[in-house]
Amino acid sequence: MGELETRKYIGIDIGKDSVQLSIYEESGAEMREESFPVPPDEREDCIAFAMNMAEKYMECNGLAWTDFQDVNFTMEDTSEACRKQLGSLLKEEVKERFGLRVMTRFRAFVEYVFHQERAVWDRSTLLLDYRENTLRYILADQIRPSRQKAYRAVIKELDLTQYEIYAEDENKDYAFSKMMKQFLVKNPAHIIFLTGKGFEGNWMKKTLTYLCAGRRVFLGQNLYANGACLRGTGVIPLMKEGMLLMQGPEMVYHTIGVVSQEAGKAKYVPITSIGREWYNTRGTMDIILDKSQKVEFFYHNTKENEMECSSCEIKELPARPPKTTRIRIEVQFTSETEGVILLKDLGFGTMFPATGKVTVFPFSLIS
């Protein structure tokens with residue numbers, strides 16, 4: 001129990017305007033939140049500024065990276081260049097212990113929602129992120145109201161100038177509330193989270209009156225950091241079960257697997273799972289070849305519920321009796337819909353030694 005009481009998790013959100021830190025301690029089930037505005041002259045190198053502030057914060061509070069059970073980052077820009085820059089600034093001891101864990105803000109919010117009690121996510125939950133006269137929104141709702149419920153999260157954005165909403169307009173509150181009345185008819189939600197600099201200040205009077213009518217509304221700037229932090233506490237069960245579809249940039253919604261026989265019946269066994277960014281999606285599995293040296297892979301598009309099949313021939317293996325060749329399969333994505341499957345010959349004990357030969361099998365999925 002002593003170890004559980006001291007477990008801490010940290011999530012860090014890196015944006016161009018601000019850096020958010022969230023620390024969760026299991027002992028008290030509390031979230032500590034900190035925010036640091038990024039000065040205008042630091043915005044070109046906001047990642048370096050964020051890491052510097054994180055180091056200073058931990059130093060001032062007597063913390064070290066090794067005090068945490070897990071460390072997760074979320075970023076406004078998750079491009080390869082930004083991920084590499086973050087990796088170059090992160091201490092080697094941190095990367096060796098935790099790896100470089102980076103997620104999109106979209107996923108971070110979904111992680112936050114589905115780590116809450118069921119009442120928060122069992123119907124429909126909405127995030128409104130208002131920045132630079134753009135409203136990005138994430139809607140998480142139920143798509144299969146059956147015994148085994150399934151859920152979906154989507155992200156979209158609106159240009160507020162199309163609704164005659166401008167940052168400095170004295171009529172912004174009226175125009176925004178009018179737009180939200182139309183918006184919530186098409187996107188009903190019983191819980192709404194508000195974030196972003198656009199919601200700061202005291203301009204929302206009509207808007208808040210309407211939003212709070214029959215709904216629970218929360219305003220917070222650390223939602224993304226909170227989600228990254230809670231990711232460390234464990235995988236969302238719905239995600240593990242493949243019952244949470246995330247339709248957003250860089251997210252994978254295909255599973256890749258094989259078909260095995262169990263009790264005489266064919267069963268699809270996924271090697272990868274959905275609900276992660278393509279650069280965080282990978283999986284491994286060992287299989288035993290029967291008479292054939294061909295492996296069939298099945299690609300399940302969970303968005304459209306479609307299945308595609310592709311065969312890979314493993315060549316130049318030594319002659320062996322059936323069921324004496326073990327193959328390790330490793331799946332790696334290089335984009336949302338492309339990647340490679342590596343098949344490595346592991347042999348079968350000392351009687352049939354491994355060759356270590358690796359077959360590379362590229363794949364391209366139906367989007």
Side-chain angles (χ1 to χ4, degrees), residues 10-23 31-58 71-91 94 100-112 126-138 153 155-162 165-169 172 176 193-201 203-204 218-231 246 248-251 277-280:
I10 186 169
I12 302 175
D13 173 52
I14 302 174
K16 296 176 182 177
D17 297 326
S18 63
V19 180
Q20 315 286 344
L21 274 74
S22 295
I23 297 175
M31 188 79 75
R32 293 162 54 188
E33 301 177 351
E34 293 291 341
S35 178
F36 306 99
V38 179
D41 59 345
E42 298 278 4
R43 289 175 184 169
E44 289 298 317
D45 200 3
C46 59
I47 298 175
F49 175 83
M51 295 309 299
N52 185 40
M53 295 308 297
E55 294 282 359
K56 287 183 177 179
Y57 174 82
M58 287 195 283
V71 177
N72 286 280
F73 294 88
T74 179
M75 306 172 73
E76 185 175 353
D77 182 355
T78 55
S79 63
E80 184 177 3
C82 289
R83 298 198 312 272
K84 284 184 176 179
Q85 184 185 0
L86 177 60
S88 69
L89 295 170
L90 198 59
K91 290 182 177 179
V94 182
L100 178 61
R101 297 173 177 265
V102 180
M103 68 184 72
T104 61
R105 284 180 165 180
F106 169 61
R107 180 182 170 191
F109 175 70
V110 176
E111 291 279 353
Y112 174 77
L126 179 68
L127 171 74
L128 302 176
D129 186 337
Y130 182 14
R131 303 167 194 265
E132 299 177 352
N133 227 48
T134 297
L135 185 71
R136 294 177 179 84
Y137 67 92
I138 299 172
I155 181 170
K156 296 181 181 180
E157 66 176 48
L158 301 173
D159 180 358
L160 295 182
T161 58
Q162 296 180 1
I165 299 172
Y166 304 94
E168 305 302 326
D169 192 339
K172 180 170 70 169
F176 201 95
F193 292 91
L194 309 177
T195 194
K197 293 190 68 175
F199 287 121
E200 294 178 351
W203 62 269
M204 292 187 297
F218 304 90
L219 176 63
Q221 300 298 351
N222 272 63
L223 294 173
Y224 300 128
N226 288 352
C229 180
L230 292 174
R231 163 63 186 92
M246 296 191 204
E250 303 190 29
M251 304 302 295
E277 300 82 2
W278 63 265
Y279 49 82
N280 287 326

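Predicted model only: the values in this text are computed from it and were never measured.
The minimum heavy-atom distance between Y166 and K172, with the atom names listed, is O-CD, 3.4 Å. Annotation for N280 and V102: closest pair ND2-O, 2.8 Å, computed over non-hydrogen atoms. I14 and L86 make their closest contact through CD1-CD1, 4.1 Å (heavy atoms, listed as atom of the first residue, atom of the second, distance). Nearest heavy atoms, A108 versus Y224: CB-O, 3.5 Å. Contact between L100 and G87 at its shortest, heavy atoms only, is CD2-CA, 3.8 Å. The minimum heavy-atom distance linking L135 with F199 is given by the pair CD1-CZ, 4.2 Å.
Side-chain contact check for R105 versus R136: every heavy-atom pair is 4.5 Å or farther apart. Proximity of F176 to M204: side-chain heavy atoms (C-beta onward) are nowhere separated by under 4.5 Å. At a threshold of 4.5 Å between non-hydrogen side-chain atoms, the residues Y112 and L230 count as touching. With contacts defined as side-chain heavy-atom distances shorter than 4.5 Å, the pair Y57/V19 does not qualify.
Expressed to the nearest 0.5 Å, how far CG of L128 lies from CG of L219 amounts to 11.0 Å. Remark: W278 CH2 to M251 CE distance equals 13.0 Å, nearest 0.5 Å. Here the straight-line distance linking atom CG of D77 with atom CZ of R83 works out to 9.5 Å at 0.5 Å rounding. To the nearest 0.5 Å, atom CD1 of residue I23 and atom SG of residue C229 are 7.5 Å apart. Summarising the geometry, atom CD1 belonging to I12 is positioned 13.5 Å from atom CZ belonging to R101; distances are rounded to the nearest 0.5 Å.
The backbone N or O of K16 lies less than 3.5 Å from a partner atom in the side chain of E76, making a donor-acceptor pair. When atom types are taken as modelled, the side chain of Q221 and the backbone of G196 share a donor-acceptor pair closer than 3.5 angstrom. A distance-only check finds no donor-acceptor pair linking the side chain of N222 to the backbone of S35 [under 3.5 Å]. Remark: the backbone N or O of G220 is paired with a side-chain donor or acceptor of T195 at under 3.5 angstrom. At least one donor-acceptor pair closer than 3.5 Å links the side chain of W203 to the backbone N or O of G198. A side-chain donor-acceptor contact under 3.5 Å links T74 to the backbone of M103. Under the 3.5 Å distance criterion, the side-chain polar atoms of N226 are left unmatched by any main-chain donor or acceptor of S22.
Relative ring orientation between F218 and F193 is described as parallel, the plane-to-plane angle staying below 30° on a 0-90° scale split at 30° and 60°.
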Could you list the donor-acceptor pairs under 3.5 angstrom formed by side chains in residues 42-53, with sequence neighbours left out?
{"residue": "R43", "atom": "NE", "partner": "V38", "partner atom": "O", "Å": "3.3"}
{"residue": "D45", "atom": "OD1", "partner": "Q85", "partner atom": "NE2", "Å": "2.7"}

Quiz item: What's the verdict on side-chain hydrogen bond (donor to acceptor under 3.5 Å, both in side chains) for E277 and T78, showing C-alpha distance, side-chain angles and the deciding distance?
Solution: CA-CA 10 Å; E277 300 82 2; T78 55; over 6 Å; no
Stepwise side chain to side chain contact (heavy atoms under 4.5 Å, CB included) check, Y130 with L194: CA-CA 8 Å; Y130 182 14; L194 309 177; over 6 Å; no
- Go through the steps to decide whether K91 and E55 satisfy the test salt bridge (Lys or Arg N to Asp or Glu O under 4.0 Å), and finish with yes or no. CA-CA 10 Å; K91 290 182 177 179; E55 294 282 359; 3.6 Å; yes
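Every residue meeting the side-chain hydrogen bond (donor to acceptor under 3.5 Å, both in side chains) condition with D159, not counting sequence neighbours, appears here in chain and number order: T161.
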